Amino acid sequence: MQDTGSDPCGNNLPISGVTASGNDGNVPQNVLDNNLATRWSSKGIGQFITADLGTAKTVCGVGIAWYRGNERISHFVISTSTDGTTFTNRFSGDSSGTTLNSEKYTIPATDARYVRVTVNGNTANNWASITELDIDRKSVV
């Protein structure tokens, strides 16, 4: 199958596992449970959560639902890796601060097994708190 480049980014890839730099009892696996009432949280600038896709896939976007996403803006970086050691930054920016639902962030299509979200605080404090995480691939025809 050939990627025509005309299909949208947005088909969720299965995530085989998730790890994080730390947690406060709100564990990383909570971002995979399709429950906006649970979350992963870790205190400090530069805290990160890493999704493992199991094998390298073509990734084109990341969906993130932010804890208290309607009350504060989170500052973050999305990076990708094929080996889990060397990560390349693909997106740097801020959440909208207007919704509890997932926000989609498009990145240049790239092959990656690992997708990392590094949180650099928010407009209220230095906590990293994410309720849901999705990794998207481009459709192929």
Side-chain angles (χ1 to χ4, degrees), residues 1-24 26-141:
M1 292 199 281
Q2 183 176 349
D3 184 346
T4 65
S6 62
D7 293 317
C9 180
N11 296 300
N12 287 349
L13 286 164
I15 298 173
S16 63
V18 65
T19 57
S21 53
N23 71 76
D24 66 346
N26 291 296
V27 296
Q29 293 75 14
N30 287 347
V31 303
L32 303 179
D33 65 4
N34 293 314
N35 183 350
L36 293 174
T38 65
R39 69 183 184 275
W40 161 72
S41 294
S42 192
K43 187 176 184 181
I45 299 292
Q47 295 298 303
F48 61 84
I49 189 164
T50 306
D52 181 353
L53 301 175
T55 60
K57 307 276 197 285
T58 302
V59 174
C60 64
V62 178
I64 304 171
W66 298 95
Y67 176 69
R68 293 192 177 169
N70 62 333
E71 299 175 16
R72 57 194 185 196
I73 297 168
S74 293
H75 317 295
F76 67 100
V77 175
I78 297 170
S79 55
T80 61
S81 174
T82 55
D83 63 8
T85 302
T86 303
F87 284 82
T88 302
N89 290 352
R90 303 292 180 187
F91 179 94
S92 180
D94 295 328
S95 66
S96 71
T98 62
T99 183
L100 294 172
N101 294 318
S102 183
E103 296 185 53
K104 298 293 184 183
Y105 306 99
T106 301
I107 63 172
T110 187
D111 287 340
R113 175 175 173 176
Y114 302 94
V115 178
R116 177 172 286 173
V117 178
T118 302
V119 184
N120 295 306
N122 60 64
T123 52
N125 55 49
N126 288 335
W127 280 89
S129 298
I130 294 173
T131 58
E132 289 297 313
L133 180 66
D134 294 305
I135 310 302
D136 298 331
R137 67 172 171 84
K138 186 170 274 195
S139 298
V140 292
V141 291

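Model, not experiment: these values are computed from the prediction.
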Inset, instruction - Please test Ile49 against Thr19 for side-chain contact (heavy atoms from CB on, under 4.5 Å), starting from the C-alpha separation and ending with a verdict. - result: CA-CA 6 Å; Ile49 189 164; Thr19 57; over 6 Å; no
Inset, instruction - Test Asp111 against Thr58 for side-chain hydrogen bond (donor to acceptor under 3.5 Å, both in side chains), laying out the working first. - result: CA-CA 4 Å; Asp111 287 340; Thr58 302; 2.8 Å; yes
Inset, instruction - Test Lys57 against Thr55 for side-chain hydrogen bond (donor to acceptor under 3.5 Å, both in side chains), laying out the working first. - result: CA-CA 6 Å; Lys57 307 276 197 285; Thr55 60; 2.6 Å; yes
Inset, instruction - Kindly indicate, with the supporting measurements, whether the criterion side-chain contact (heavy atoms from CB on, under 4.5 Å) is fulfilled by Val115 and Ile78. - result: CA-CA 7 Å; Val115 178; Ile78 297 170; 4.1 Å; yes
Inset, instruction - With side-chain contact (heavy atoms from CB on, under 4.5 Å) as the test, would you mind laying out the steps for Ser74 and Glu103 before giving the verdict? - result: CA-CA 12 Å; Ser74 293; Glu103 296 185 53; over 6 Å; no
Inset, instruction - Run the numbers on Leu36 and Asn101 for side-chain contact (heavy atoms from CB on, under 4.5 Å), then give the verdict. - result: CA-CA 8 Å; Leu36 293 174; Asn101 294 318; 3.9 Å; yes
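Within a 6.0 Å radius of NZ in Lys104, other residues, nucleotides and ligands contribute more than 12 heavy atoms.
One distance of note links OG of Ser41 with CG of Asn30; it measures 8.5 Å at 0.5 Å rounding. From Asp134, atom CG reaches atom CG of Leu32 across 8.5 Å, with rounding to the nearest 0.5 Å. Lys43 NZ to Asn125 CG: the interatomic distance, rounded to the nearest 0.5 Å, is 8.0 Å. Expressed to the nearest 0.5 Å, how far CD of Gln47 lies from OG of Ser21 amounts to 3.5 Å. Within the model, atoms CG of Asn12 and CG of Asp136 stand 5.0 Å from one another, a figure rounded to the nearest 0.5 Å.
Under the 3.5 Å distance criterion, the side-chain polar atoms of Thr131 are left unmatched by any main-chain donor or acceptor of Arg39. Looking only at distances, a side-chain donor or acceptor of Trp40 sits under 3.5 Å from a matching main-chain atom of Gly22. A donor-acceptor contact shorter than 3.5 Å links the side chain of Ser16 to the backbone of Asp52. A donor-acceptor contact shorter than 3.5 Å links the side chain of Glu132 to the backbone of Asn34. The backbone N or O of Phe91 sits nowhere less than 3.5 Å from a side-chain atom of Asn89 that would complete a donor-acceptor pair. Arg113 places a side-chain N or O within donor-acceptor distance of the main-chain N or O of Gly54, the cut-off being under 3.5 Å.
Nearest heavy atoms, Gly61 versus Cys9: N-SG, 3.3 Å. The heavy-atom pair separating Ala128 from Val119 by the smallest distance is CB-CB, 3.5 Å. When every heavy atom of Gly121 is checked against every heavy atom of Ile45, the shortest pair comes out as N-CD1, 3.7 Å. Between Ile15 and Ala51, the shortest heavy-atom contact is CG2-CB, 3.9 Å. Nearest heavy-atom pair, Asp83 versus Thr86, reported as atom, atom and distance to 0.1 Å: OD1-N, 2.9 Å. Taking all atoms of both residues into account, the shortest heavy-atom contact from Thr80 to Arg90 is OG1-NE, 2.9 Å.
Side-chain contact of Asn23 with Ser42: a donor-acceptor pair under 3.5 Å is absent, judged by distance alone.
Residues Asn70 and Thr99 are not in side-chain contact: their nearest non-hydrogen atoms beyond the backbone lie 4.5 Å or more apart. Annotation: side chain of Val62 is in contact with side chain of Leu133 (closest heavy-atom distance under 4.5 Å).
Contacts of Ile73 classified as side chain to side chain contact (heavy atoms under 4.5 Å, CB included), with partners at least two apart in sequence or in another chain: His75, Asp94, Ser95, Thr123.
The ring of Trp127 has its center no closer than 6.0 angstrom to the ring center of Tyr67.
The aromatic rings of Trp66 and Tyr105 sit perpendicular, their planes meeting at an angle over 60°, well past the 30° parallel limit.
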